[in-house]
Protein chains: 2
Amino acid sequence: MGISERKLREKESRKNNILDSAEKLFFSKGYRDTTMDDIASSAELSKGTLYLYFKSKDEVYFGIALRAIVKLSSMFRVAFISSNFGFIKLNEIGRAHYKFMMEYSDYHKVLSSLSSIDIDLTIASDILMQIGINNDLIAKTMTDSILIGMQDGSIRPDINAEKLCYLLQAESNGVFDMIQQVKCLPKEYQKFDPEELFTTFLESAFYYMKNPNFNYEEIGLKLN
Amino acid sequence: MGISERKLREKESRKNNILDSAEKLFFSKGYRDTTMDDIASSAELSKGTLYLYFKSKDEVYFGIALRAIVKLSSMFRVAFISSNFGFIKLNEIGRAHYKFMMEYSDYHKVLSSLSSIDIDLTIASDILMQIGINNDLIAKTMTDSILIGMQDGSIRPDINAEKLCYLLQAESNGVFDMIQQVKCLPKEYQKFDPEELFTTFLESAFYYMKNPNFNYEEIGLKLN
DNA sequence: ATAAATAATGACCAACAGTCAGAAAAGAGA
DNA sequence: TCTCTTTTCTGACTGTTGGTCATTATTTAT
């Protein structure tokens, strides 16, 4: 049946059109000030039709969050394969995350606002499930990097890899959120350079993770 | 004028009654599902009167956030004076924050949800300003601890104190948010023990901050 | 006792998320 | 090409809720 396939494609592309419109509106006016009527008319649809494709306003927002986390996790994968050494993999993942936050700051905000007061994450939702899958993928990429690093000697082996992964995720989320916040402040209120905070974070994290018996210069790294 | 003073006291206590009611409702039903009518009737007030004391629903929420951060910053002060050594001060501050998150988890959630999609922090608001003041106080308590630690030798002096303060704040926010999230999951989904993540965090942070020339055992600390 | 000021009320309004009966379009079968 | 069925689309409508305001009640000052 070629027809039902085409219909599926059309449905998917319609969903994407809606998300395109919603994205622009959410990013420029914010979640609260964007109405479903706004989104509908921007996507050249009636409100009723909009609700055929997304069952609530939150669901639309989740759709954008899914785009965001898919982008992020793919950047993590690219960073992962950039080197064979676990330590460098992790380093590159950190830089990828920083790049994501700088280049796709709106996406970053969406992701960090997901666990906010006004969104119910407990509802059953296909999109929310896919977000969870990507989240797990991100965690796996990091854990794998750590395990590989422990094997090749570039990361100290006496910590639990999974625990370290969660610690790094938690810490970096906090650091990126703060950088994001500071970036939105007027220049004269910015008490520090965002990039500098990130650099210090990387430095401190890797200071904790490095293996004292490993020769980092051999793999082209200078560590203090 | 004793009368106007009494009136001011009454107004303050009325505000507190409202916040008491609002707190219970927000904490049990969530922000979205709590209506201003709910709060009004729970505080035995008409809606119009409620709006005499708080000019919006957000403002009520800010009022609760103010209670939260006042509590947190006072716990920080107590931790600060618990020792003379900067390193121990910081350590106690970290533990105080952990205690706050465990004992006042609802307050913690309020604070971490403040920078969420659905709240406009740019509006002019007296309460929001007071929150800012307490936030600065917290930052100052931490920065002072660091500076004292650098003076007494318990913290390595080759880092910028203010930058370190922001890094610690950012990291711990991230870590506590993750712990909070995990705590809300059903036990079988919890991949790690919250306390353990916190311990590892403290360990890694202090590993970075410690001064190699300082004898920690002399002040009763065993560091690995 | 009366006027002035302050506090409280609840009916009312506008905005908005979400619904649904019916119209329009697309597809299948002849 | 015509007709019946299924799918897609529509926009008027509903219920809820944040916020307002003219009016009433209470307190204070004279």
Side-chain angles (χ1 to χ4, degrees), chain A residues 1-19 21-22 25-26 28-64 116-121 123-125 127, chain B residues 1-19 21-22 25-26 28-64 116-121 123-125 127:
Chain A
M1 270 287 171
I3 285 174
S4 62
E5 237 173 65
R6 196 205 70 208
K7 286 216 164 183
L8 229 83
R9 270 206 319 278
E10 273 175 1
K11 190 157 184 173
E12 212 50 42
S13 113
R14 177 65 65 90
K15 270 192 174 185
N16 271 317
N17 284 343
I18 293 173
L19 287 181
S21 300
L25 289 165
F26 281 140
S28 63
K29 310 203 301 177
Y31 182 84
R32 258 194 202 181
D33 293 342
T34 301
T35 71
M36 287 301 260
D37 287 281
D38 284 344
I39 297 172
S41 77
S42 164
E44 290 170 299
L45 248 52
S46 74
K47 188 149 76 159
T49 309
L50 173 54
Y51 274 91
L52 285 178
Y53 291 91
F54 293 93
K55 69 174 189 289
S56 71
K57 190 179 174 187
D58 278 359
E59 194 82 0
V60 178
Y61 200 73
F62 294 157
I64 296 167
S116 92
I117 41 164
D118 235 31
I119 286 193
D120 181 10
L121 294 175
I123 58 159
S125 151
I127 301 182
Chain B
M1 270 287 169
I3 284 173
S4 63
E5 236 174 63
R6 196 204 69 206
K7 284 215 166 187
L8 228 83
R9 269 207 319 280
E10 273 176 1
K11 191 159 183 172
E12 212 49 44
S13 112
R14 179 65 67 91
K15 269 192 174 186
N16 271 317
N17 285 341
I18 294 173
L19 288 181
S21 299
L25 290 165
F26 281 140
S28 64
K29 311 203 302 175
Y31 182 85
R32 256 192 204 182
D33 292 342
T34 301
T35 71
M36 287 301 260
D37 287 282
D38 283 345
I39 297 172
S41 77
S42 165
E44 290 171 299
L45 247 54
S46 74
K47 187 149 77 160
T49 309
L50 173 54
Y51 274 90
L52 285 177
Y53 292 91
F54 292 94
K55 69 174 189 288
S56 72
K57 190 180 173 185
D58 278 359
E59 194 83 0
V60 178
Y61 200 74
F62 293 159
I64 296 168
S116 92
I117 40 164
D118 234 32
I119 285 194
D120 181 9
L121 294 174
I123 57 159
S125 151
I127 300 182

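The structure presented is a predicted model; accordingly, all values stated were derived computationally and were not measured. Here is the naming used below: chain letters follow the sequence lines, and residue numbers restart at 1 for every chain.
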Donor/acceptor link under 3.5 angstrom from Lys47(A) side chain onto base of dG18(C):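 Such a pair is found, so the answer is yes.
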query: Just by distance, do the side chain of Asn17(A) and the backbone of Arg14(A) share a donor-acceptor pair under 3.5 Å?
result: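 Between the backbone of Arg14(A) and the side chain of Asn17(A) there is no qualifying donor-acceptor contact (under 3.5 Å).
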message: Looking at Lys55(A) and Ser125(A), would you say the former's side chain and the latter's main chain have a donor-acceptor pair under 3.5 Å?
response: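 Absent.
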Whole angstroms only, please: what is the [atom1]-[atom2] distance between [X] and [N]?
X	N	atom1	atom2	result
Glu10(A)	dT7(D)	CD	P	15 Å
Ile39(A)	dA17(C)	CD1	P	8 Å
Tyr51(A)	dT14(D)	OH	P	17 Å
Glu59(B)	dT20(D)	CD	P	12 Å
Asp37(A)	dT10(D)	CG	P	13 Å
Asp33(A)	dG18(D)	CG	P	15 Å
Tyr61(B)	dG18(D)	OH	C1'	17 Å
Leu50(B)	dT20(D)	CG	C1'	13 Å

- prompt: Can you check whether Arg6(A) has a side-chain N or O nearer than 4.0 Å to OP1 or OP2 of dG27(C)?
  reply: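 Yes.
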message: dC9(D), OP1 or OP2 - any side-chain N/O from Thr49(A) closer than 4.0 Å?
response: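 Answer is no, no contact under 4.0 Å.
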[options]: which one has an atom nearest the side-chain heavy atoms of [X]?
X	options	result
Leu52(B)	dA7(C), dG19(D), dA17(C)	dA7(C)
Ser56(B)	dC9(D), dA8(C), dG19(D)	dG19(D)
Met36(B)	dG18(D), dA8(C), dT8(D)	dG18(D)
Arg14(A)	dC9(D), dA26(C), dT9(C)	dC9(D)

Give [X] one of three labels, base, sugar-phosphate or nothing, depending on what nucleic acid heavy atoms sit under 4.0 Å from its own.
X	answer
Thr35(B)	sugar-phosphate
Tyr53(A)	sugar-phosphate
Ser41(B)	nothing
Lys55(B)	nothing

Lys NZ or Arg CZ of Lys57(A) over Phe26(A) ring: under 6.0 Å, within 45°: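 No - Lys57(A) does not lie over the ring of Phe26(A) by the 6.0 Å and 45° rule.
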message: Return whichever of Thr34(A) or Gly48(A) has its heavy-atom-nearest nucleotide of DNA chain C closer to the 5' end.
response: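 Final value for this comparison: Thr34(A).
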field: Glu10(A) CD: over 12 foreign heavy atoms closer than 6.0 Å
entry: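 Yes.
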query: With no hydrogens and no angle check, do the side chains of Asn16(B) and Tyr53(B) hold a donor and an acceptor under 3.5 Å apart?
result: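 Result is no, nothing qualifies.
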